[in-house]
Every structure is written in structure tokens, then in C-alpha cells.
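Down below is the structure, laid out as C-alpha cells.
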Amino acid sequence: MRPDDATLTHDGLRPTGRGRVLLIACGALAREILALIGRNGWDHLDLHCLPAILHNRPEKIAPAVEAAVTARAAEYDRVFVVYADCGTGGDLARTCERLGVGMVAGPHCYAFYEGVENFAAAGEVTCFYLTDFLVRQFDAFVWEPLGLDRHPELREMYFGNYTTLVYQAQTDDPALTEKARSHAERLGLGFERRQTGYGELESALARA
């Protein structure tokens, strides 16, 4: 059974205890990683997800990853961290290097969905990005934490320098597309949908 978004947001996902390689990942990537594991028959991979809401407190990501690695590494042949930098300012990369574990390259998941080099070359500083997970969890990650549910007048302060909401679609779901479009309207932004699929996430897991 697929984990529900609320659980992935606040609790994450516990590993099954099976497999030789442990993936320690963000809860926002759980569905995509599980889909790739199933599609490719990667039975040697086990998945442990930390709460996705940590993205709203990036200073807590590296310590949480370290705690997870320390607690579980002895149970597996190898550990691979499925986070990019994710706003940690290099702390996560330094932590992974110190612990001797690999991690996904790139600044954040938006980049590896589009391809890290392509994303960097585009330099889209006025775009606000959402993935499938963030479209579904928009209120929990954007609207409510920024206080826009209580003070919608703050919208211009937060988003006045943005022009476009870019929906990076991992799946082809018309309902999600319409939901993403409605989020763009709420933020007063233009809307663009890009069918990215899993991007470089699949190649990163293949290396793991």
C-alpha cells in the first residue's frame, strides 16, 4: 500500500528491513522512489524516508540524515542518501562525506527532475517550482507556513518577484495539472507544465 501524503509529510516512511542497500530519502520522493524500485525490480534497495516537512527547516536535514545513517547503517551493506543540497548550504554534503555515504548531486529535487546541468543553464530565477508531491501538499508546504491562509495580503511580498509557477510533472495526471494551475492563480503567477518524469532520479538510483 502506498504511503499517504500526510504521513510522508510529518512522519516519513520506515524501512522494511529487507535489501542490501538502504536509501535515506526525503518523504516528498517516496512515491517516485517506490515506483522506480518496482518498475526496475530493484529488490536490493530498501527505503527509509525522513519527514518531507524538513524542507521547511533545512538546517535540520543534515542532523536528521546523520541520525538515520548512524542508527541503520550496520544493518545494510551500503547507504545512499537521496537528497540534494536542499537548502542546507553544503552541510548535508559535508555530513555525507564524513560518514562515507553517497548522495544525489544538485541543489534540490527541482534540478535533478529537469537535469542538473539543464536546470543550472536555464537560470530561471523568477520561476517557482512544484512537483507532483508539492502540488498535492501545496497548503501544508506553501500556503499555511507562509501565513497566506490568514494574511493573503502577504502574497505580493513573498511572490512579487516571481513570474511563473512551473509544474514539473512526474506523472500524466490531468487532475494534478488543474490543481497546479489553480495554485498558480492563487499566487498570481503565470503557469507552465513540464513533463519531466523522474529525470535524473532514476539514474541516481541505478548507481546506488
Side-chain angles (χ1 to χ4, degrees), residues 1-16 22-36 46-72 79-96 101 103-104 106-113 127-152 154-155 157-159 162 165-171 173 176 179-180 182-184 186-187 196 198-199 201 204:
M1 184 174 66
R2 290 193 308 175
D4 65 85
D5 288 334
T7 298
L8 293 172
T9 295
H10 299 290
D11 302 319
L13 178 71
R14 294 180 62 83
T16 64
L22 179 65
L23 305 176
I24 296 177
C26 173
L29 302 176
R31 292 192 183 196
E32 289 72 24
I33 293 172
L34 290 172
L36 286 169
D46 196 5
L47 178 61
H48 174 40
C49 285
L50 303 180
I53 201 66
L54 286 176
H55 269 289
N56 285 10
R57 296 292 301 276
E59 74 278 5
K60 294 186 174 185
I61 293 175
V65 168
E66 179 167 6
V69 172
T70 301
R72 300 192 178 277
V79 175
F80 187 75
V81 173
V82 194
Y83 276 89
D85 181 72
C86 300
T88 69
D91 282 349
L92 183 56
R94 289 187 288 270
T95 296
C96 289
V101 300
M103 64 176 284
V104 175
H108 39 61
C109 60
Y110 312 127
F112 64 67
Y113 276 137
C127 291
F128 182 73
Y129 298 89
L130 295 179
T131 63
D132 282 10
F133 180 84
L134 291 174
V135 169
R136 295 192 301 266
Q137 290 291 97
F138 180 81
D139 285 348
F141 277 79
V142 180
W143 201 254
E144 293 169 4
L146 293 179
L148 294 171
D149 55 329
R150 303 178 302 280
H151 300 286
L154 295 176
R155 184 183 69 177
M157 183 180 76
Y158 288 125
F159 293 96
Y162 289 97
L165 185 151
V166 175
Y167 167 36
Q168 296 175 320
Q170 284 72 68
T171 57
D173 185 335
L176 269 185
K179 183 171 286 191
S182 73
H183 297 333
R186 291 166 74 184
L187 296 177
T196 64
Y198 300 122
L201 177 61

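Starting from 1, each residue takes its place in the sequence as its number. These numbers come from a predicted model, not from an experiment.
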Which residues pass the salt bridge (Lys or Arg N to Asp or Glu O under 4.0 Å) test with [X], sequence neighbours left out?
X: Asp139; answer: Arg186
X: Arg94; answer: Asp91
X: Glu59; answer: Arg57

Could you state the interatomic distance from [atom1] ([X]) to [atom2] ([Y]), rounded to the nearest 0.5 Å?
X: Leu165; Y: Phe159; atom1: CG; atom2: CZ; value: 8.5 Å
X: Leu23; Y: Leu47; atom1: CG; atom2: CG; value: 6.0 Å
X: Tyr162; Y: Leu187; atom1: OH; atom2: CG; value: 10.0 Å
X: Gln137; Y: Leu130; atom1: CD; atom2: CG; value: 12.0 Å
X: Phe138; Y: Glu144; atom1: CZ; atom2: CD; value: 10.5 Å

Least distance between heavy atoms, [X] atom then [Y] atom:
X: Pro145; Y: Ala140; value: CG-O, 3.0 Å
X: Pro107; Y: Ala84; value: C-CB, 3.7 Å
X: Gly90; Y: Asp85; value: N-OD1, 2.8 Å
X: Cys86; Y: Ile61; value: O-CD1, 3.8 Å

Anything under 3.5 Å between a donor and an acceptor, one on a side chain of residues 48-56, the other on a protein residue two or more places apart or in another chain? List them.
from	atom 1	to	atom 2	distance (Å)
His48	ND1	Leu13	O	3.0

**Asked** Under the side chain to side chain contact (heavy atoms under 4.5 Å, CB included) test, which residues partner Thr70, sequence neighbours left out?
**Response**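 Thr70 satisfies side chain to side chain contact (heavy atoms under 4.5 Å, CB included) with Glu66 once adjacent residues are dropped.
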**Prompt:** Can you name the residues that form a side chain to side chain contact (heavy atoms under 4.5 Å, CB included) with His108, not counting sequence neighbours?
**Reply:**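 Checked His108 against side chain to side chain contact (heavy atoms under 4.5 Å, CB included); matches are Tyr110, Ala111, Phe119.
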Residues two or more places apart in sequence or in another chain: which of them pass side-chain hydrogen bond (donor to acceptor under 3.5 Å, both in side chains) with [X]?
X: Asp4; result: Thr7
X: Tyr129; result: Glu124
X: Glu32; result: none
X: Tyr167; result: Asp132

**Message:** Could you work out, with ring-ring contact (aromatic ring centres under 6.0 Å, His included) as the rule, every residue matching Phe141, not counting sequence neighbours?
**Reply:**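 So Phe141 forms a ring-ring contact (aromatic ring centres under 6.0 Å, His included) with Phe133.
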Measuring only between side-chain heavy atoms, which start at C-beta, is [X] closer than 4.5 Å to [Y]?
X: Val79; Y: Arg72; result: no
X: Arg31; Y: Arg136; result: yes
X: Leu146; Y: Leu154; result: no
X: Leu201; Y: Val82; result: yes

**Request:** Check for a donor-acceptor pair, side chain of Gln170 on one end and backbone N or O of Gln168 on the other, with a separation under 3.5 Å.
**Result:**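 Yes, Gln170 side chain to Gln168 backbone: donor-acceptor pair under 3.5 Å.
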**Request:** Show your working on side chain to side chain contact (heavy atoms under 4.5 Å, CB included) between Tyr83 and Leu29 and close with a plain yes or no.
**Result:** CA-CA 9 Å; Tyr83 276 89; Leu29 302 176; over 6 Å; no
